[in-house]
Novice: 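Before I ask anything, let me first share the structure, which is written out below as structure tokens.
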Amino acid sequence: MEDSKKNKLKEILVLLKYMGFEKIDVRSPNTSPLSNLEKAVAGCKKCRLHETRTNTVFGEGPANADFMIIGEAPGEREDEQGLPFVGAAGRELDIILELAGIDRKDIYITNVVKCRPPGNRNPDMDEIESCIGYLKRQLEMINPEVIILLGNVALSLVTGTASGITKMRGKKMKYLSYTAIPTFHPVYVIRNPRSRELVAKDLKEAKRCIG
Ligand code: URA
Ligand code: SF4
């Protein structure tokens with residue numbers, strides 16, 4: 001930016017501060033790379049899921065989170081609100097996070113696909129392929145230290161197959177440059193309450209990976 005423009009901007013900021021707007025962030029979140037990507041996703045029609053969605057569910061959390069949780073796809077409540085894990089699976093995730101001593105506000109939560117598959121079916125492979133670029137860019141921008149892969153769909157990103165969470169849960173893996181830990185999906189935990197402690201253990205282990 002030219003010096004004269006910079007000075008003008010400074011003047012405006014001083015004025016705003018004087019007026020009581022000191023909390024205004026110069027790097028307005030609305031123009032950050034992450035929110036630009038979010039806007040692109042909101043208008044995305046790359047796969048058939050755009051036809052039936054109410055809202056895209058981009059993700060939620062600090063743009064510099066060390067810890068990222070990747071679920072499968074939005075469900076009904078998420079589709080309604082445009083936010084990840086706000087329905088029954090979200091309530092279960094909250095319980096598990098509390099058991100693991102993790103504050104939801106500190107982590108970034110998103111899904112493999114950003115639009116709800118009708119009737120909560122699993123996303124199809126071509127839908128995942130259409131959407132995965134968004135997740136990869138989110139990862140590049142947020143650059144977390146550790147990612148938690150919830151369930152088989154998220155795990156399949158790493159292994160290329162849609163099975164094996166029972167065998168792979170809790171095992172540290174690499175996804176791109178990240179340490180990834182697969183664990184059970186909260187929907188599985190709701191059906192198998194005894195697995196809750198295991199998922200909390202995996203999350204605690206993930207916390208230990210953060211330097
Ligand atoms: N299940 C998911 O995988 N993601 C959500 O956001 C909600 C339910
Ligand atoms: Fe686009 Fe992903 Fe939604 Fe498909 S699921 S329309 S690729 S944002």
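Side-chain atoms are counted along with the backbone in the values below, which use heavy atoms only and exclude waters and symmetry mates. Remember, it's 1-based here, ligands and their atoms both numbered in the order they're listed.
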Novice: Note the single closest protein heavy atom to atom 2 (Fe) of ligand 2, along with its residue, its atom name and the distance in Å.
Specialist: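 Among all protein heavy atoms, the one nearest atom 2 (Fe) of ligand 2 is C131 SG, 2.3 Å.
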Novice: Ignoring hydrogens and geometry, is there a side-chain-to-backbone donor-acceptor pair from N111 to I70 under 3.5 Å?
Specialist: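 No, the answer is negative, given that no donor and acceptor are paired below the 3.5 Å cut-off.
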Novice: Please list the nearest protein heavy atom to atom 4 (Fe) of ligand 2 with its residue and the distance rounded to 0.1 Å.
Specialist: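 Answer for atom 4 (Fe) of ligand 2: C47 SG, 2.3 Å.
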Novice: Starting from atom 4 (N) of ligand 1, which protein heavy atom do you reach first, and at what distance in Å?
Specialist: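 Sorting protein heavy atoms by distance from atom 4 (N) of ligand 1 puts N111 OD1, 2.7 Å first.
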Novice: Other residues, nucleotides and ligands only: do more than 12 of their heavy atoms fall within 6.0 Å of CD on E145?
Specialist: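 Yes.
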Novice: Starting from atom 3 (Fe) of ligand 2, locate the nearest protein heavy atom and write down its residue, its atom name and how far away it is, to 0.1 Å.
Specialist: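 Going atom by atom, the protein heavy atom closest to atom 3 (Fe) of ligand 2 ends up being C115 SG, 2.3 Å.
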Novice: For a distance under 2.8 Å, tell me if C44 has an N/O/S atom near atom 2 (Fe) of ligand 2.
Specialist: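 So C44 does not count as coordinating atom 2 (Fe) of ligand 2.
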Novice: Find all atoms of ligand 2 within a distance of less than 4.0 Å from any non-hydrogen atom belonging to R53, and give their numbers and elements.
Specialist: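 Once the distances to R53 are compared, the set is 3 (Fe), 6 (S).
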Novice: Indicate the ring-plane relationship of F58 and Y108, choosing parallel, tilted or perpendicular according to the 30° and 60° boundaries.
Specialist: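 The rings of F58 and Y108 stand perpendicular, inter-plane angle above 60°.
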Novice: Among E72, E60, H185, E78, which one has a heavy atom closest to atom 1 (N) of ligand 1?
Specialist: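 The residue whose heavy atom sits nearest atom 1 (N) of ligand 1 is H185.
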Novice: Checking contacts here: is it the side chain or the backbone of R48 that comes within 4.0 Å of ligand 2, counting heavy atoms only? Could be both or neither.
Specialist: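 No part of R48 is near ligand 2 at this cut-off.
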Novice: Heavy atom under 4.0 Å from ligand 1: found in A73's side chain, backbone, both, or neither?
Specialist: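 Backbone only.
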